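Taking it in order: structure first as structure tokens, then the write-up.
Because the structure is a prediction, the values reported are computed rather than measured.
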Amino acid sequence: MMLAGALITFLGAAFLLLGSIGLLRMPDVYNRMQAGTKTSTLGSILFLIGIAVGFGFKVFIAKILILILFILITNPISSHTLARAAHFFGIELTESTVRDNLKEDEEGDR
Amino acid sequence: MKYFKSWFLLSIFLFIFWLLLAGTDLQELIVGIAVSILISSILVKNISVFDDIKISLKAFICTIVYICIFMVELIKSNFDVAFRVLHPKLPINPGIVKVRTELKSKLGRIILANSITLTPGTLTVEIQEDYYYIHWIDVTAEDIDRSTELIVKKFEKYLEVIFG
């Protein structure tokens with residue numbers, strides 16, 4: 001049981017590592033945020049599930065469920081807020097960007 | 001009667017939360033039920049979040065299906081990030097696209113925006129009226145209708161049943 005839990009936790013750690021490589025390799029804020037949000041969400045969830053499996057589904061599994069729920073609610077909201085703030089602060093998208101409908105619409109309003 | 005559904009859902013929600021935190025001792029259960037009902041009776045007129053949720057068997061089944069689809073998409077999006085990050089050429093083709101949503105309820109829209117953020121290659125940047133602006137890491141669609149179909153539809157058809 002401990003081994004299975006350790007493997008799941010290791011998988012979570014692998015996703016977190018990939019996310020941080022993504023932070024280094026991606027060209028601009030928005031792409032970095034994409035890599036960061038997704039991997040950190042699943043990475044933390046796998047960590048928590050690994051703990052639950054490793055210690056054999058005791059009482060604290062309820063608390064782990066609550067933690068997973070809160071991670072799922074708060075993680076996307078924080079990245080959405082950061083991306084929105086970055087866009088309105090005027091941080092440019094990378095050069096290979098295809099199009100930017102939001103900027104077009106804002107300029108159309110003025 | 002107008003507030004009954006809201007009151008009922010809030011009580012159930014608070015009680016489940018209490019159950020998860022406190023465990024299943026008989027005395028704690030009784031206190032939990034009493035306090036949940038008391039709190040939701042006091043607060044029911046000020047809370048409008050639960051107004052949109054429908055209570056029916058179909059909505060319940062759709063919730064289950066939705067959670068399964070969401071989990072699959074979350075895992076897919078992680079492998080998608082892994083592929084893009086480890087590929088030597090860094091295959092990205094990013095852009096901010098505009099999509100339309102049919103959902104009317106606030107809670108449904110929040111859940112839809114969160115789901116979009118956690119699915120492969122998309123990140124919600126801004127919401128204005130009926131439109132979402134989405135940063136898409138690999139733009140494959142030209143106009144609003146096509147991108148709406150690709151990004152929003154797979155979640156929206158279930159959320160429409162749950163929230164109406």
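- Ion pair B:Glu73/B:Lys76 flagged as a salt bridge, since at least one NZ, NE, NH1 or NH2 atom sits closer than 4.0 Å to an Asp/Glu carboxylate oxygen.
- With A:Tyr30 contributing its side chain and A:His87 its backbone, the two residues share a donor-acceptor pair below 3.5 Å.
- Your options are A:Ile21, A:Leu65, A:Ile66, and the one with the most heavy-atom pairs under 4.5 Å with chain B is A:Ile66.
- Contact annotation for B:Tyr131: neither backbone nor side-chain heavy atoms come within less than 4.5 Å of a heavy atom of chain A.
- When A:Ser79, A:Ala35, A:Ala62, A:Ala14 are compared by the number of non-hydrogen pairs under 4.5 Å with chain B, A:Ala62 comes out ahead.
- For a residue to count as touching a neighbouring chain, one of its non-hydrogen atoms must lie under 4.5 Å from one of that chain's; by this rule A:Leu24 does not touch chain B.
- In this structure, chain A has no heavy atom under 4.5 Å from any part of B:Ser115.
- Judged by distance alone, the side chain of A:Lys38 and the main-chain N or O of A:Gly19 form no donor-acceptor pair under 3.5 Å.
- Looking only at distances, no side-chain donor or acceptor of B:Tyr133 sits under 3.5 Å from a matching main-chain atom of B:Gln128.
- Counting heavy-atom pairs under 4.5 Å between each of A:Asn31, A:Ile73, A:Thr37 and chain B puts A:Asn31 at the top.
- B:Glu156 contributes a side-chain N or O that, together with a main-chain N or O of B:Glu102, makes up a donor-acceptor pair within less than 3.5 Å.
- Between the side chain of B:Ser40 and the backbone N or O of B:Leu10 there is no donor-acceptor pair closer than 3.5 Å.
- At a 4.5 Å heavy-atom cutoff, B:Ile134 makes no contact with chain A through either its backbone or its side chain.
- No other option in B:Asn78, B:Leu118, B:Val81 has as many heavy-atom pairs under 4.5 Å with chain A as B:Asn78.
- When heavy atoms are compared at a cutoff of 4.5 Å, A:Thr41 approaches chain B solely by way of its side chain, counted from C-beta outward.
- Although no hydrogens or angles enter the test, the distance criterion places no donor-acceptor pair under 3.5 Å between the side chain of A:Arg84 and the main chain of B:Glu126.
- Both the backbone and the side chain of B:Ile75 have a heavy atom closer than 4.5 Å to some heavy atom of chain A.
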